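Naming convention: chains lettered A, B, ... in sequence-line order (proteins, then strands); numbering from 1 in each chain. In this text the structure is predicted, and so the values were computed from the model without any measurement.
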Amino acid sequence: MGAEEGGGTDVLRDRREKLERLKDAGIEVFPHEFPEREDIAEVRAAHEGLAPGIETESRHRVAGRIVARRGHGKACFLDLRDGSGQIQLHAREDLLGAEPYGLLVDLDLGDMIGVEGTALATERGGELSLAIDRWRLLAKSLRPPPDKFHGLEDVETRYRHRELDLLANEESRRIFTLRARAIAELRRWLDDRGFVEVETPVLQPLYGGALARPFVTHHNALDRDFYLRIATELYLKRLVVGGIDRVYELGKDFRNEGVSHKHNPEFTMLEWYEAYADYGKTAHDFELMVAEVAERVLGTTKVERGEVTIDLTPPWKRVTLRDAIREHAGVDIAEHPTREALAATMDSEPDPAEGWGKLVDGLLAKSVEPELIQPTFLLDYPVELSPFAKAHRAEEGLVERWEAFIGGVEIANSFSELNDPDEQRRRFEQQAAELARGDEEAQPFDEVFLEALEHGMPPTGGVGLGIDRLVMMLTGARSLREVVLFPAMRS
RNA sequence: GCCCCCGUAGCUCAGUUGGUUAGAGCGGCGGCCUUUUAAGCCGCGCGGCCCGGGUUCGAGUCCCGGCGGGGGCACCA
């Protein structure tokens, strides 16, 4: 039966028995430390290019997990891995002594040990190895690790037990270290330009800043409901009002919606706001930022994604939303400015609850978005879809907004931020009407935010970047779940 | 929420038109071996096929329901 039943499969029982044997032999099975150790990568670096057959006198002390073993009687090879890399150990009975050697050989794959020995390059393969003369158990593994050759392929286990995925799959380790580096580079880019990183509430009395359904939770002492934020937008703009001219926040947003290869209910968002900038400036900065991050993390701005090579080199393609829909859906939304007119161009009658804006959004999502493989800015959205964006300076009925697409996925959204409090109030009223009509994604009325705008917010450009999706693009991952350590799963 | 596909040893997988005691490699266990590198050599299945019903002389194989996963639709970043 499975391990969970505790019925004691033989593999588990064997490991338990070994644990007892080690304890009986007086070995401390879970010691507290192993000091003055080197990263395996450092040892490798120190002996790069060592010629086959050369045995050095250079001593090293390393620790890690036993990931493979090749036995040969009175000698054997072990592969030891730590967070930095992997190295081969040559264990010989004559160097270790009969009893320590016997105990070492009897360890299980997955056990953690610390060792000391001298560096050599093997005669045949020239592989850097440590001929060890001391070892110590650092932690016993009581469960068998995944297959050392095939790795762990079962996607459910990979997502539910990411520790095993990381243990077994090099590619997974690569993705998550790359993710961390990309995030560090994004921060650095903003920090270098004087942006101030802040933290605003995750638990909010009122949600806002995006069109989405929120998660609701309850505060016991205050006896009231709170919302998990769907965006950081409104708080960050209040900080711009307060005089933080360049501000950003990197953190989790939560949206109560379906799960898919590009949606997780909690996801990482980077939002930044720059006073005195507009959406043209944010677009220019954004393409530079992404290209620079790619260059620093991948060493190139050209990333492979299946059959295609995506070129992140600026400038990216810019096309108005109207032109994009005209090109890909064959409909000119400007010539069909009412719901009735636009609905008439469609094959089937759309949901009556969907207004003109929703229909435009539908055309965008269905016909346009999947086609935007190379980095593309779509510009100038209908005001109906954008309650926080400033009216277009030249085009009636549109706002100054762009969304950036890569690989057929939206990765960022930006506006010239609406800073006229009276206009913002009218937008909220419009949204409140939508909400009352049953649109659960409409924006609730936020009086506190309006009051802040009434104090005066400078003209401002703001951007929201989906970190998980960006990392997908940088790594070539096909699913968000490949770049989120513990994606949402059913219990 | 709907549709399609999938669920066999610790891991990776095979299991013919339903038919004798369910198989392989890795791992494990036992033995032999001081330079192997996915993997030294020899020997041993260590699971009863996600769960619960049903059809049948007989079910891993067919049917129904459930649980879990993947893909698609819908929706969104």
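The closest side-chain donor-acceptor pair between A:S141 and A:R15 falls under 3.5 angstrom.
Among the atoms of the strands shown, none is found under 4.0 Å from any heavy atom of A:D79. Residue contacts for A:D154: at a heavy-atom cut-off of 4.0 Å it reaches the sugar-phosphate backbone alone, with no base atom in range. Residue contacts for A:N256: at a heavy-atom cut-off of 4.0 Å it reaches no nucleic acid atom on any strand shown. Within the 4.0 angstrom heavy-atom criterion, no nucleotide atom of any strand lies near A:G464. Residue-level contact check: A:Q88 touches the bases, meaning some heavy atom is under 4.0 Å from a base atom. Here A:L109 lies in heavy-atom contact (under 4.0 Å) with sugar-phosphate atoms only. Contact annotation for A:E55: base contact, defined as any heavy-atom pair under 4.0 Å involving a base atom. In this structure, A:G73 reaches the bases: a heavy-atom distance under 4.0 Å links it to at least one base atom across the strands shown. Backbone-only contact: A:K358 has heavy atoms under 4.0 Å from sugar-phosphate atoms and none from a base.
Ring geometry for A:Y248 versus A:F195: interplanar angle over 60°, hence perpendicular rather than tilted (30 to 60°). Under the 30°/60° scheme for interplanar angles, the aromatic rings of A:F428 and A:F445 are found to be tilted.
Not one side-chain nitrogen or oxygen of A:R255 sits closer than 4.0 Å to the OP1 or OP2 atom of B:C75. The side chain of A:R70 contributes an N or O atom lying less than 4.0 Å from OP1 or OP2 of B:A39. Residue A:R490 has no polar side-chain atom (N or O) positioned under 4.0 Å from OP1 or OP2 of B:G66. Neither OP1 nor OP2 of B:G28 sits under 4.0 Å from any side-chain N or O of A:K18. Between A:R15 and B:G28 there is no side-chain polar atom (N or O) within less than 4.0 angstrom of OP1 or OP2. For B:G28, one of the phosphate oxygens OP1 or OP2 lies less than 4.0 angstrom from a side-chain nitrogen or oxygen of A:R69. Taking 4.0 angstrom as the limit, A:R160 places a side-chain polar atom (N or O) nearer than this to OP1 or OP2 of B:G69. At B:G27, one or more side-chain N or O atoms of A:K148 fall inside 4.0 Å of OP1 or OP2 (strictly under the cut-off).
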Subject >> Working for side-chain contact (heavy atoms from CB on, under 4.5 Å), residues A:Y273 and A:E417 >> reply: CA-CA 9 Å; A:Y273 292 83; A:E417 302 294 338; 3.2 Å; yes
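Partners of A:W356 under the ring pair (Phe, Tyr, Trp, His ring centres under 6.0 Å) rule, at least two apart in sequence or in another chain, do not exist in this structure.
Glycosidic conformation at B:G48 (O4'-C1'-N9-C4 for purines, O4'-C1'-N1-C2 for pyrimidines): syn, within 90° of 0.
B:G47 is unpaired under the Watson-Crick or G-U wobble criterion, no partner having all donor-acceptor distances under 3.5 Å. The partner of B:G1 is B:C73, by the rule that a Watson-Crick or G-U pair needs both atom distances under 3.5 Å. For B:G40, the paired base is B:C32 (Watson-Crick or G-U wobble, both distances below 3.5 Å). Pairing for B:C26 goes to B:G10, judged as Watson-Crick or G-U wobble with the two contacts each under 3.5 Å.
Only the P atoms considered, B:A24 is 9 Å distant from B:G45, to the nearest whole Å.
Remark: ring of A:F149 not stacked against base of B:A39; the cut-offs of centroid gap under 5.5 Å and plane tilt under 30° are not jointly satisfied.
Between the base of B:U35 and the side chain of A:S129 there is no donor-acceptor pair shorter than 3.5 Å. You'll find a donor-acceptor pair under 3.5 Å spanning the side chain of A:D147 and the base of B:G25, going by distance alone. Below the 3.5 angstrom threshold, one finds a donor paired with an acceptor across the side chain of A:E127 and the base of B:U37.
A:E127 approaches A:Q88 most closely through the heavy-atom pair OE2-CB, 3.5 Å.
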